[in-house]
Amino acid sequence: MRDEDTLLRESERIAQLLDHARAMAGPQTWAIIDELIQRTVGLYGSGLASLVAIARATAESDDAVCDAITADALLSSLLIIHDVHPLPLATRIERAIADGCARTGQRPTDIEVAGIDAVEGVTLRVAPRAAPAQAAITRAIEALAPEVTAVHIEAAPRLYAIRRRS
């Protein structure tokens, strides 16, 4: 059950079942169900945190652990849900920018993170010559940082470099 389509369908079915249970249950019953879900999710989160700690303690390099976790979409998203992902959000966004630029042949230096806000999302300043990378960067951010609510793109002011003659 690891392919993306199957996981997406499973996630959607879980949401449907929860909506159905909420509609059928009275307020007191739903409060109990909600607490059961929260406690179960918390228990799994603690287990995932232990798994990450063990992987980091036994791996040859922390980078290898982070790369492997980030490459696995399901594991990465579960760690994000439980707030135990080994890479901070800002680092995952920078990696997403580098990935999006690499896919389109753009330079990551033409894109600046102007802000990261839990509610508002991520704001990027993009140089005009990097405009072709915008869609790829947005997709990469959605994949590596699914908790980001939105990606806002602003045009970066044109920068002019003055070079001295040697």
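- For the residue pair Cys101 and Ile111, the shortest heavy atom distance occurs at SG-CD1, 3.2 Å.
- Hydrophobic clustering (side-chain heavy atoms under 4.5 Å, transitive across Ile, Leu, Val, Met, Phe, Trp, Tyr) keeps Val84 apart from Tyr44.
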Determine whether Leu89 and Val148 satisfy the following criterion, side-chain contact (heavy atoms from CB on, under 4.5 Å), listing intermediate values before the conclusion. CA-CA 9 Å; Leu89 177 59; Val148 169; 3.9 Å; yes
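- The shortest heavy-atom contact between Ile137 and Gly100 is CG1-CA, 3.9 Å.
- Contact record, Trp30 with Ala25: N-CB, 3.9 Å, taken as the closest heavy-atom pair.
- The NE2 atom of His85 sits 10.5 Å away from atom CG of Leu78, with the distance rounded to the nearest 0.5 Å.
- The CD1 atom of Ile141 lies 10.5 Å from the CG atom of Asp99; values are rounded to the nearest 0.5 Å.
- Remark: Arg22 CZ is packed, more than 12 non-hydrogen atoms of other residues, nucleotides or ligands lying under 6.0 Å away.
- Hydrophobic clustering (side-chain heavy atoms under 4.5 Å, transitive across Ile, Leu, Val, Met, Phe, Trp, Tyr) keeps Val41 apart from Leu79.
- For the pair Ser11/Leu7, no side-chain contact is recorded, criterion being any heavy-atom separation below 4.5 Å from C-beta on.
- Residues in residues 79-88 take part in no salt bridge (charged side-chain N to carboxylate O under 4.0 Å, His left out) pair, two or more places apart or across chains.
- Contact of the Glu147 side chain with the Arg92 side chain is registered, since non-hydrogen atoms from C-beta on lie closer than 4.5 Å.
- Of the possible donor and acceptor atoms, one in the side chain of His152 sits under 3.5 Å from a partner among the backbone N and O of Glu120.
- Here the CZ-CD distance, from Arg9 to Gln16, works out to 12.0 Å after rounding to the nearest 0.5 Å.
- Heavy-atom minimum distance, Ala131 versus Val126: N-CG1, 4.0 Å.
- Thr138 is linked by a side chain to side chain donor-acceptor pair (under 3.5 Å) to nothing, counting only residues two or more places apart in sequence or in another chain.
- A continuous path of Ile, Leu, Val, Met, Phe, Trp and Tyr side chains, each step under 4.5 Å between heavy atoms, connects Ile153 with Ile116, placing both in one hydrophobic cluster.
- Arg39 has its side chain out of reach of Leu43: every pair of non-hydrogen atoms, C-beta onward, lies at least 4.5 Å apart.
- When all heavy atoms of Ile80 and Leu144 are compared, the pair lying nearest together is CD1-O, 4.0 Å.
- Taking each heavy atom of Ala130 and Gln106 in turn, the nearest pair found is CA-OE1, 3.2 Å.
- The salt bridge (charged side-chain N to carboxylate O under 4.0 Å, His left out) analysis of residues 126-137, with sequence neighbours excluded, yields the pairs Asp110-Arg129.
- Under the salt bridge (charged side-chain N to carboxylate O under 4.0 Å, His left out) criterion, no residue pair touches residues 40-55, with sequence neighbours excluded.
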In a table with atom names and distances, give each donor-acceptor pair under 3.5 Å that connects a side chain of residues 48-69 to protein atoms at least two apart or in another chain.
unit_1 : atom_1 : unit_2 : atom_2 : d
Ser50  : OG     : Ser46  : O      : 3.2
Arg56  : NE     : Asp62  : OD1    : 2.6
Arg56  : NH2    : Asp62  : OD2    : 3.2
Arg56  : NH2    : Pro86  : O      : 3.2
Thr58  : OG1    : Ile54  : O      : 2.8
Ser61  : OG     : Ala64  : N      : 3.0
Asp67  : OD1    : Arg95  : NH1    : 2.8
Asp67  : OD1    : Arg95  : NH2    : 3.2

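- With hydrophobic clusters built from ILVMFWY side chains whose heavy atoms lie under 4.5 angstrom apart, Ile14 shares a cluster with Ile33.
- Here the CG-OG distance, from Leu75 to Ser77, works out to 8.0 Å after rounding to the nearest 0.5 Å.
- Applying the side chain to side chain donor-acceptor pair (under 3.5 Å) rule to Arg139 yields no partners; only residues at least two apart in sequence or on another chain are considered.
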